Structures are given as C-alpha cells and as structure tokens.
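What you see is a predicted model, and the numbers here were worked out from it, not measured in a lab. We count residues from 1, following the sequence as given. Start at 1 and go down the list; that is how both ligands and their atoms are numbered.
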Amino acid sequence: MTKILVIEDEESVRENIVDLLEAESFEILAAADGKIGVDLAVSEVPDLILCDLMMPNINGYEVLQKLHSQAATATIPFIFLTARTAKADLRKGMDLGADDYLTKPFTRSELLNTITSRLDKQVTTLKYISKTNKNTARFLPEFQIVKTCLLRTLAKRNLKEFQVHYQPIIDTNSGLIVAAESLIRWQSSELGLISPAELIPLAESTGLIIPIGEWLIKNVCNQTKIWQDAGYKNFYSTINISIHQLIQPDFVPKILKSLADNNLHSSSLELEITEGTIEQDVNTVINRMEELRSHGLKFAIDDFGTGRSSLIYLKQLPISTLKIDHYFIHNIDKDKQKSAITKGIIEMAHNLNLRVVAEGVETKAELNIVRLHNCDRTQGYLLSHPLPVTEFEELLLTNKRLTV
Ligand code: G
Ligand code: MN
C-alpha cells in the first residue's frame with residue numbers, strides 16, 4: 001500500500017487531508033509539527049510527503065533540507081502545502097528541491113491529481129535508472145536511490161523481494177554435491193534484479209545487513225532441513241556472514257534459535273567469514289566464533305589468500321575450511337605461480353586438519369589442476385552457477401555427478 005506522510009500543524013487541515021486520503025486507500029502517517037515529521041520520514045520511509053510550509057519551530061523549508069541531507073529520505077517525493085500564493089515562497093521551495101506544491105485551499109481532485117502524477121513520475125525515474133549502467137559509487141544519486149528502495153522494501157517488510165540461490169559445493173573426487181553456498185538475490189519491484197555485489201556493500205553501509213542477514217539465516221535453516229529430510233542427511237549449507245552481524249551481541253542466540261526452530265543440527269551450517277574484514281575487531285570475532293563453535297557450528301575463511309595477515313588467522317581462529325579465492329584458480333592451468341601457491345595452501349591446510357574448497361572453477365583445465373593438488377571440494381560456474389531453489393533441488397535429487 002502506498003504510504004503518505006502528512007506534515008501539517010493546523011489540526012483541521014491535517015485531519016481533512018488524512019480522511020480524504022484514507023478514503024482513497026492510502027496508508028497515512030500524520031505529524032503535527034516539523035520535528036515529528038522528520039522523525040517519521042526517517043523511521044517509516046514513506047512513498048510521498050505532503051508538508052505545510054509555514055509551521056512554528058521547524059518550517060517546511062527546514063524539513064525539506066533535513067530530509068535531503070539523509071540518504072534514506074533524500075529521494076522521497078515532496079509536495080509543499082502553502083496558503084500563500086506569493087511567487088517568492090513557492091520559488092524558494094522549488095529551489096530547495098521540492099517536487100511540486102499545492103496552494104490551500106485545494107480541492108480533492110487537485111490533491112489526488114498532484115499525488116498521482118508525482119508517484120507516477122517516481123516510478124518512471126526508478127525504471128529509467130534501473131536500465132542505465134549500474135555504477136555503485138556511493139556518491140552517485142543512483143546509489144542513494146537503490147538505498148532508498150532497499151529501506152522502503154524493508155520498512156514495508158516486503159521480504160518476498162529477496163530470494164536465496166544455492167551454488168553446489170562438490171566433493172572433488174566423487175563429483176557429488178555435499179553442500180551449497182547460499183547467496184541472496186534482491187528482485188526489487190522498483191529496480192529489477194540487484195546483484196549481491198551491489199546489495200551487500202549497501203546493506204553493510206546502512207546497517208540493513210542485520211535484518212537481511214537474519215532473514216537469510218532463517219530461510220537457509222528451513223531449506224537445509226527440507227533437503228536433509230528428503231534423504232540428504234549430511235548435506236549442509238554455507239552462509240556468508242559479515243563482521244557487522246557476527247559482532248552483534250545477540251548473534252549467537254539468534255542463530256541458535258533459527259537452528260532450534262527448524263530442528264536442525266548445528267553442524268548443518270558453515271559460516272563463511274571473509275578474511276579481509278576480520279581485522280576490524282579481531283578479539284570480538286574470535287570470542288563469537290569460539291562461542292558458536294562450542295555449540296557445534298563450523299566456520300570457513302572465504303576469499304582466502306587475498307586479505308592481509310591471513311596466516312595469523314589460521315592459528316587464531318576456530319575454522320574448519322579454507323576457501324581459496326577465485327583469483328588463484330582463474331587460469332591456474334596456465335600460471336605456474338598460481339599453481340604453486342594453491343598447492344602450498346592445500347598442503348598446509350591439510351596439515352592443519354582443514355578442508356579446502358577451490359572457488360570459481362570455470363574450466364575443465366582448472367578443475368584438473370585443482371584435483372591434481374588434492375583439493376577436497378570444488379565450486380564454480382563449470383559445475384553450476386548459483387541456482388534458484390527448485391533448480392538446485394532438481395540437481396540434488398537427480399544426484400547427478402558433476403564430474404566434467
Ligand atoms: O566472496 P564469495 O566467495 O562469497 O563470492 C561468491 C560469489 O562468487 C557469488 O556471487 C557467485 O555468484 C560468484 N561465483 C561463483 N562461482 C563463480 C565462478 O566460477 N566464477 C566467477 N567469476 N564468480 C563465481
Ligand atoms: Mn562465500
């Protein structure tokens with residue numbers, strides 16, 4: 001439902017607008033002054049704002065400036081309400097970036113037409129942006145728009161826009177699927193498909209990784225249990241966990257609850273932590289990992305070989321698996337150095353009783369070298385791209401050997 005915020009200090013005018021719009025099936029938030037209005041805009045991220053110009057304390061100009069200074073609210077369509085017809089006031093509002101204005105008193109149809117045309121325009125803008133080349137530089141307005149859409153999607157708890165895809169992880173010798181890496185996809189109704197490469201940094205920079213991550217964990221636990229019950233008792237899933245999530249004080253109880261709710265054994269999850277991010281808060285990370293390991297959860301170091309201080313972490317962190325970064329696997333058959341480094345990593349890992357996964361295996365020649373070096377597990381486009389649940393399930397249930 002489209003959510004409209006009405007900021008108007010005059011009670012009779014406010015209530016009139018609220019009644020009118022509620023009758024049109026809009027969801028309405030009402031604020032009696034500018035301060036409440038700004039707070040509501042930030043917490044609720046409405047689809048459109050109607051705001052009176054002349055209000056005590058914080059007036060309409062200031063409300064607009066405050067909203068434009070914050071990424072989450074900067075692109076919400078903003079319509080001024082003003083009793084004045086003085087051109088200078090309207091000009092000032094429009095110069096500050098308001099999208100339209102209504103002069104009081106206005107008729108029901110003037111109000112509805114202005115709102116509808118503004119909402120339509122916003123949809124067109126978003127569609128246009130989604131078609132242009134995506135560049136995630138965070139200073140671009142586009143980044144802000146993706147962020148606004150993400151905030152709006154979460155505020156509306158529109159979680160059906162998120163999907164989990166699964167990429168098989170294969171036992172290198174038998175070619176059988178033993179696990180899957182879960183990867184989130186955001187199919188935005190406004191922007192189209194947003195890749196994890198775009199979504200995750202955005203979610204991390206805004207703190208939204210916490211609710212999205214919780215949703216993902218619940219979803220993956222549920223799905224993993226379904227596959228185990230279908231006969232794949234030892235099948236497990238891996239989940240990419242950001243440091244922001246791991247250091248949350250309630251991360252451990254939440255993950256244990258997701259496991260318990262699904263009657264899933266803790267060894268059915270492996271949490272992937274990217275090497276390069278650990279140094280942000282090493283001590284908390286170690287404590288959290290130790291605590292989770294005491295409950296039976298396993299950890300993998302993701303993108304191994306590309307972060308700093310990697311060998312120290314092998315000693316300090318309670319991990320079970322190393323995932324060798326794509327970089328070393330790409331063209332490993334043609335690059336003697338990559339081959340030597342990968343061979344060394346695998347031997348070292350085995351001496352430390354760690355399992356090794358080669359990530360990003362894209363060609364048969366790469367797979368052959370990885371196999372020659374006794375890498376335990378393989379993952380990559382050669383074997384399968386990340387797949388939606390039903391397609392992954394088909395692959396799993398036919399038990400196809402993915403030896404190429
Ligand atoms: O950082 P992490 O290892 O979690 O990255 C997983 C990402 O790698 C996913 O987005 C997935 O789609 C991608 N990926 C998986 N297999 C391959 C592959 O064979 N080649 C490339 N280039 N990317 C891959
Ligand atoms: Mn990963």
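For the Mn ion (ligand 2), the set of nearby N, O or S atoms under 2.8 Å includes one belonging to Glu181. Residue Asn240 counts as close to the Mn ion (ligand 2), with an N, O or S atom under 2.8 Å.
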Output, or 'none' if empty, a list of ligand 1-protein atom pairs in which both atoms are N or O and the distance is under 3.5 Å, rounded to 0.1 Å.
residue  : atom   : partner : partner atom : Å
ligand 1 : 1 (O)  : Asp303  : OD1          : 3.1
ligand 1 : 1 (O)  : Asp303  : OD2          : 3.4
ligand 1 : 3 (O)  : Asp302  : OD1          : 3.2
ligand 1 : 3 (O)  : Asp303  : OD1          : 3.3
ligand 1 : 3 (O)  : Glu359  : OE2          : 2.5
ligand 1 : 4 (O)  : Glu181  : OE2          : 3.0
ligand 1 : 4 (O)  : Asn240  : OD1          : 3.1
ligand 1 : 4 (O)  : Asp302  : OD2          : 3.0
ligand 1 : 16 (N) : Gln167  : NE2          : 3.0
ligand 1 : 19 (O) : Tyr381  : N            : 2.8
ligand 1 : 20 (N) : Glu362  : OE2          : 2.4
ligand 1 : 22 (N) : Glu362  : OE2          : 3.1
ligand 1 : 23 (N) : Tyr381  : OH           : 3.3

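Considering just the N/O/S atoms of Glu272, the one nearest the Mn ion (ligand 2) carries the name OE1. Taking the Mn ion (ligand 2) as reference, Asp302 places its N/O/S atom OD2 nearest.
Geometrically, Lys298 engages Tyr236 in a cation-pi contact, judged by NZ or CZ lying under 6.0 Å from the ring centre and within 45° of the ring axis.
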Test log, rule side-chain contact (heavy atoms from CB on, under 4.5 Å), inputs Ile17 and Ile28: CA-CA 10 Å; Ile17 299 175; Ile28 305 298; over 6 Å; no
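Here Glu27 pairs with nothing under the salt bridge (Lys or Arg N to Asp or Glu O under 4.0 Å) rule; sequence neighbours left out.
Within the 4.5 Å cutoff, the side chain of Ile115 has heavy atoms near those of the Leu21 side chain. Looking only at side-chain heavy atoms (C-beta outward), Arg14 and Ile7 stay at 4.5 Å or farther from each other.
Side-chain N/O atoms of Thr103 and Thr82 include no donor and acceptor closer than 3.5 Å. Defined by atom type and a distance below 3.5 Å, a donor-acceptor pair is missing between the side-chain atoms of Glu347 and Asn374.
In summary, of the residues considered (Gln379, Glu181, Glu359, His385), a side-chain hydrogen bond (donor to acceptor under 3.5 Å, both in side chains) with Gln167 occurs for Gln379 alone.
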